[in-house]
Amino acid sequence: MVFSSAVFLFVFLPLTLALWVLAAGADGVLRRGPWVQNLLLLVASLAFYFYGSGDQLGLLLGVVGVTYVAGLLVGSERWGRTALGVGVSVQVAALGYFKYANFFVDQVGALSGLVGGPAVTMAAVALPVGISFFTFQAISYLFDIYRREQQPLRSPLDLALYISMFPQLIAGPIVRYGEVARQLHDRPLTRSLVATGAVRFIWGLFKKLVIADSVATIADAAYGLPVEALTTPAAWLGALAYALQIYFDFSAYSDMAIGLGRMFGFRFPENFRRPYSAESITDFWRRWHMTLSFWFRDYVYIPLGGSKASRWSTYRNLWAVFLLSGLWHGAAWTFVFWGAFHGGLLTLERMWRGRKAPRLPVALRRARTFALVVLGFAMFRADTMSQTLALWQHIFVPSDLTVPVEVAITLSHKNVGILLLGLLTTALPGRFVTGRWLTEGKLDAGLPRLVRWGVLVGGAFLASLTLASSDFSPFIYFRF
Amino acid sequence: MSTPKHALPHWESMAILAVFVLFLLAPAIGWLSGAQTGESNLQNRSLHEWPEPTRRKLMSARWGSAFEAWFLDHVPFRAALLGLDHHLDMTVLGDSPVPEQVVFGDNGFHWVVERIYEERSGPFRPPVEDVVAGMRRLDALADELDVPIYFVVSPNKALLYPEYLPALNRVWYDAHIVPAMQTLADYAAEPGSPLIDVVPGLLAEKRRLLADPEIEDPRLRYLFRPTDRHWNLETGRVQARLIIDALPGVRWRDEVGAQHKPTYVERESEISEVYLKVGATEPYTEQVDNPVTAVVQSNNRVDDNKLLYTFQSGETATHSPDPRTLFVVRDSFLNDGARGPANREGGGIQSIAPYFAHSFFAHRRSVGGADARLEPYAKQADLLLFQCVQGELRYFAAHIEEYETLIRWVAEGRRQRPPRGEVVPEVGEGGEGAGLQ
């Protein structure tokens, strides 16, 4: 069940909100904090996960159980280090098995085939939805306790709620325990907060259904072409459309998650900050999927030594982080190379830093960064590296200048308009406030009333039309 | 952390929440008020049925996806929203709601996507050069066996009306299809070429129709239906005339017309079938009064097993001196694509066939080669005409050997046939409707 599905919008969410109002009333009577609300949210979250994942709910509960026990032990003086090691290892093992077993077996099989060995096969392992997100939250919880930054939760229900809370369960943002620890027991709730949450949610719904899914048709058509049918316009269109799709798709999910969080009184961290107007790749990673970037920074990069040691150690650490980040996104060589691509670019930027060289104007720096990011996402989206190389070849070396039918039919007035609007708004510098509204989703009280209402009413209406005319399409980050 | 800088006024918060709740509860309100839900004819498919929740389905999460499909189909206001969305697409944005099937061009022309691009997997896979090579090979055999053969490649709508294609489609079409068709035209221009090029004649007719101020009905002003892929009945007649004029020993007779029902009613535009979500775009259900082509009741017949169509209509349907001298192998010979209502009764390729003495096409899957049932007819033919529409050339190129068999049958018949003027035995049942058995 995705947030943009009719069942979520018109069954699950109204039902949960209605019960939540009752729960809030009950909490008001009991005066024990949001205890009933938390219980309701936990039950709703588990139902949400069971509905979409069936018996894989057991894995989620297992992760919660292991994290709970490990968290208590990590908090002790005697068992802290061992418990952290065991707890994190179990999470990593679960992630490794469910996400990478198929990939690993395929590679071993391919190697075996190369040397004339026996076939290596294994029954396919189904990937549990959201495993990359909830295991990372569990790991951050254990580390924060180990570092004495947080206290372990005594209530397994609280921990279960933290890990499985449905707004951020399956596609983030990756909420670190410290960011919501206090809110689990004390979260002042105002009508204004709920109302801005509603607007933020509708904004995300609009971005997903109207923008992301429109440009997705162009990207899907271009990437669906056989390599020999690729042309230069198709390669450009595919690369640009996918760059917009993944941004609007993923940031839409984050908007909806943040909006839902507000409706229940939680304030989740932002996940995007106009990433396509970044001036460098380093800057890009401070703006794109920020909760993941910061997670890797705090739990991998810094423990490895960060940039405190030698220059070469810093480069090694960067590469390690980005290779892991690539793998985190998916079990395929394209993701590994995508991680290496960004690791390489960051290394180059570091090497270049401090050198006396004329600085490009800011617009050119942004354009350069955007182009590199788009090229990277071409790899991210491609099924194989050979498809990536073919795409890059057609981008850089103009060949056939016609638009293949599969792509041409997706270039409706609406899709082309949205593609151009998306390109303009995502690349707008921060001082253009329109760009900030459109790309950051800061639809709080600071927003002009007309825009806020336009988003609410217009967004809901257009999203409804789009939802009615098509089957829903899953959010991209579900598969990560 | 996303903390609002300012709180909204109380009234505005309440108003936003009211709108949001209304949005979430709209379907529930719709249910209570009995609002219209999805309709199968609007979806062009059967609606999803209620999925019975079983333990197995629930544990594997398959019930959820089935439930979502059912819910989306039955959610109130679905039909209204769907129609509104597609109406806005068409009227405000000028976009096709089903661009993977139909795209909008200029001047009210709609284009069936697969028909614009079908040639990509047609004469170019194999390449058009292979098609020409196949024609040369058949021509050589026919020469050797002294059998007159001719080829006709009927153009598609895009070749005659490229100016109404959407710009991007036209760029592609001009770059990929037009050169290939030019290869065919070049072959047709060779001295003694068996390929009859009807494109120049049709283009002249196109210009004549556009310049005629008295023609107002777009179905008659254009050679192809603006919102369909088929040509109309008059275009069939024009093409038949162009072909007849190019053949030796035959003479066009104005009194000979196609054999269509006298009260012929054109079928609905095929494009309307994909526009059910917003209603038919062009009402082809009304009768089109066309005095040229609406003539006597056809004696066309269709085999029970739908393998073969045959036209054997005697004097009224042939322009040749002898009704059995012209044998037309239609483009659909050995393919399975000509089963739609338009082809059976409408303005498609079938509209040419009734002008000739014998015409055959068969469904490839069923016939699977040069079917022996064609042999008696082939042996009565003096002249063999292969007629293909542009997009069907791939079938032609794939079955050259079978066409060689046909040529041999014709040659054998010509050797065995009594001299002209003697009584030719009837094949199959006599009388009206006589045909292949």
Side-chain angles (χ1 to χ4, degrees), chain A residues 1 5-7 9-11 13-14 17 50-56 179 190-196 198-202 217 258 262 267-270 400-405 408-415 417 442 444-446 449 452-453 456-457 460 464-469 471-472, chain B residues 1-10 12-17 19-21 23-28 57-64 67-69 71-72 75 77-82 84-86 88-89 93-97 99-100 103 113 116-117 120 166 168-169 171-172 175-176 277:
Chain A
M1 181 163 39
S5 70
V7 170
L9 291 170
F10 304 126
V11 179
L13 186 56
L17 283 174
F50 178 72
Y51 176 88
S53 303
D55 55 11
Q56 288 177 337
E179 292 168 326
T190 64
R191 287 189 184 85
S192 179
L193 184 68
V194 178
T196 55
V199 178
R200 183 74 180 263
F201 179 84
I202 293 291
T217 58
I258 290 168
R262 284 187 190 178
R267 292 181 172 120
F268 295 149
E270 293 291 341
D400 186 345
L401 294 179
T402 61
V403 182
V405 56
I409 60 173
T410 64
L411 298 178
S412 60
H413 296 109
K414 180 171 79 175
N415 289 351
K442 296 256 178 166
D444 56 26
R449 185 165 290 141
R452 186 162 52 243
W453 278 90
L456 180 70
V457 178
S464 302
L465 285 185
T466 310
L467 183 64
S469 66
D471 293 323
F472 69 89
Chain B
M1 208 69 72
S2 60
T3 308
K5 291 172 187 166
H6 313 285
L8 297 173
H10 177 74
E12 190 178 1
S13 296
M14 294 304 289
I16 287 174
L17 291 175
V19 170
F20 187 65
V21 167
F23 169 70
L24 296 182
L25 295 182
K57 284 182 185 170
L58 287 168
M59 297 305 280
S60 64
R62 281 187 293 120
W63 185 81
F67 174 68
E68 296 207 11
F71 183 83
L72 192 58
V75 69
F77 309 121
R78 174 91 196 263
L81 287 170
L82 190 65
L84 179 59
D85 184 49
H86 288 184
L88 290 175
D89 276 347
L93 296 168
D95 287 336
S96 164
E100 70 282 6
V103 289
V113 170
I116 302 175
Y117 293 94
R120 187 173 47 170
L168 283 176
N169 302 103
V171 170
W172 189 92
H176 293 86
K277 291 169 186 173

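The structure displayed is predicted, hence computed values, not measured ones. So you know, we letter chains A, B, ... as the sequences are listed, proteins then strands, and number each from 1. The analysis underlying the following values was restricted to heavy atoms, covering all of them including side chains, and did not include hydrogens, waters or symmetry mates.
- Of all non-hydrogen atoms in A408(A) and L168(B), the two that sit nearest each other are CB-CB, 4.3 Å.
- In this structure, CZ in F23(B) is found 7.0 Å from CZ in F201(A), a value given to the nearest 0.5 Å.
- Of all non-hydrogen atoms in A195(A) and I16(B), the two that sit nearest each other are O-CG2, 3.6 Å.
- Across Y51(A) and G64(B), no two heavy atoms sit closer than the pair OH-O, 2.9 Å.
- Contact annotation for L58(B): both backbone and side-chain heavy atoms come within less than 4.5 Å of a heavy atom of chain A.
- Rounding to the nearest 0.5 Å places CG of L467(A) at 7.5 Å from CZ of R78(B).
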Self-check item: Verdict with supporting geometry, V405(A) and W172(B), side-chain contact (heavy atoms from CB on, under 4.5 Å)
Solution: CA-CA 8 Å; V405(A) 56; W172(B) 189 92; 5.7 Å; no
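- Separation of atoms OG (S96(B)) and NE2 (H413(A)) is listed at 11.5 Å; rounding is to 0.5 Å.
- Checking side-chain atoms of R191(A) against main-chain N and O of S13(B) turns up no donor-acceptor pair under 3.5 Å.
- F71(B) and A6(A) make their closest contact through CE2-O, 3.5 Å (heavy atoms, listed as atom of the first residue, atom of the second, distance).
- Only the side chain of P9(B) comes within less than 4.5 Å of a heavy atom of chain A; its backbone N, CA, C and O stay farther away.
- For S53(A), the part lying near chain B is the backbone, with the side chain staying farther off; criterion is any non-hydrogen pair under 4.5 Å.
- The shortest non-hydrogen separation linking L9(A) to L24(B) is O-CD2, 3.2 Å.
- A donor-acceptor pair is defined here as one N or O able to donate and one able to accept, closer than 3.5 Å; such a pair exists between the side chain of S192(A) and the backbone of L8(B).
- Checked by atom type and distance alone, the side chain of D95(B) never pairs as donor or acceptor with a backbone atom of S412(A) at under 3.5 Å.
- Looking at A26(B), neither its backbone nor its side chain comes within 4.5 Å of chain A, counting heavy atoms on both sides.
- Using a 4.5 Å cut-off between heavy atoms, V19(B) touches chain A through its side chain atoms alone.
- For the atom pair L456(A) CG and F20(B) CZ, the distance stands at 8.5 Å (nearest 0.5 Å).
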